[in-house]
There are 2 protein chains.
Amino acid sequence: MKIGDAAAESNLSVKTVRYYADTGLVTPGRSESGYREYDATTVQKLRFVARARGFGFSVAECRELLSLYEDDGRASADVKRIAEAKIEALDRKLAELHELRDELSRVAMACAGDERAQCPILDRFAEI
Amino acid sequence: MKIGDAAAESNLSVKTVRYYADTGLVTPGRSESGYREYDATTVQKLRFVARARGFGFSVAECRELLSLYEDDGRASADVKRIAEAKIEALDRKLAELHELRDELSRVAMACAGDERAQCPILDRFAEI
DNA sequence: ATAGAGGTTCCAGTGAGGGGAGACTTAAAT
DNA sequence: ATTTAAGTCTCCCCTCACTGGAACCTCTAT
């Protein structure tokens, strides 16, 4: 199957699928005329990567997960370690964003939001 | 004051301060020899931007906030609107990350994490 | 006089693609 | 059989907010 169908079947854009081939994440064949040719296995890998990306894994992490996926001799512990590191990273990010959100919310609440110039939000950013 | 001191006083890197000058976010003067010259007002603007960036605002948003900060005739409503839009964006991001975190956590919990190949995490990504 | 610290410009790269040009191939409609 | 439309190819520039480095210049201290 050609790239357009492979993209549709994996819920990725054609540009993204081409990018994944360019960076060696998947290796489609080539037709005589030079078109990339995707077989079922390769499309399945694309889908795998699309889902892992959706879970917040970087392309580099997807590469690692994909090689474990392809490795019959893998240990599930290796996969779990990657997932747990990602969960911890998500927790850190969540805590940071939450704190930001709360302080911004506090400051915004104190702002009258009228036609006057006085503004606690700007004051907070300008704080000496 | 020269760029190194301005950077130190605003908790930014020299590279960042130069970038902000290149993109017109702040406009330092120039000494005869060509060095950027930062006065107190300009350093204060750098500090303002550094804090706003720390709150998650993009440089473009900082530009907008900075122009309100400099505008004596501003209405605090304009600032509040920007802040509330950012809070809503943060809420959306938080909800998304939280959902991700929880599902990843559920899936990881189901993984034995041993030397066997069977892995619910990979299964989840490979799901048909 | 010279060493070193700090300044200048410009170029390249990051992650993960998106947009578009110009050339080519393929599939469908006439 | 021909034409047209859609799809694909490579290539290059753009994003965001910087960071790193090279080559060169200026200032200060010894």
Within the 4.0 Å heavy-atom criterion, would you say [X] contacts the bases, only the backbone, or no part of the nucleic acid?
| X | result |
| --- | --- |
| T23(B) | nothing |
| S58(A) | sugar-phosphate |
| S13(A) | sugar-phosphate |

Does [X] put a side-chain nitrogen or oxygen below 4.0 Å from OP1 or OP2 of [N]?
| X | N | result |
| --- | --- | --- |
| R63(B) | dC16(D) | no |
| R18(B) | dT8(C) | yes |
| Y20(A) | dG17(C) | yes |
| S33(A) | dC9(D) | no |
| R36(B) | dT26(D) | no |

Nearest-nucleotide pick for [X], side chain only, options being [options]:
| X | options | answer |
| --- | --- | --- |
| Y19(A) | dT26(C), dG7(C), dA16(C) | dA16(C) |
| Y35(A) | dT8(D), dC18(D), dG17(C) | dT8(D) |
| R30(A) | dT10(D), dT8(C), dT26(C) | dT10(D) |

For atom [atom1] of [X] and atom [atom2] of [N], their distance in whole Å:
| X | N | atom1 | atom2 | result |
| --- | --- | --- | --- | --- |
| E32(A) | dT8(D) | CD | C1' | 16 Å |
| D5(A) | dG7(D) | CG | P | 9 Å |
| M1(B) | dG6(C) | CE | P | 16 Å |
| E37(B) | dT26(D) | CD | P | 16 Å |
| D22(A) | dG15(C) | CG | C1' | 15 Å |
| L12(A) | dG17(C) | CG | P | 8 Å |
| K15(A) | dG7(D) | NZ | P | 15 Å |
| F57(B) | dA17(D) | CZ | P | 13 Å |

Between K45(B), Q44(B), R74(B), which is the residue that forms a side-chain hydrogen bond (donor to acceptor under 3.5 Å, both in side chains) with Y69(B)? Q44(B)

Check ion pair R124(B)-E103(B) (N to O, under 4.0 angstrom):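 So R124(B) pairs with E103(B) through a salt bridge.
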
Please report the C-alpha distance between R81(B) and D78(B) in whole Å, then the side-chain angles of each, then the deciding distance to 0.1 Å, and finally whether the salt bridge (Lys or Arg N to Asp or Glu O under 4.0 Å) criterion is met. CA-CA 5 Å; R81(B) 196 166 12 78; D78(B) 290 338; 2.6 Å; yes

Looking at every heavy atom in both L25(A) and L66(A), which two are closest together, and how far apart are they?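 For L25(A) and L66(A), the tightest heavy-atom pair comes out as O-CD2, 3.5 Å.
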
Has K86(A) got its NZ or CZ under 6.0 Å from the middle of the six-membered ring of F55(A), at an angle within 45 degrees of the ring axis?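 Ring-cation test returns no.
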
Does A60(A) or V14(B) map to a spot on DNA chain C nearer the 5' end, using the closest nucleotide for each? V14(B)

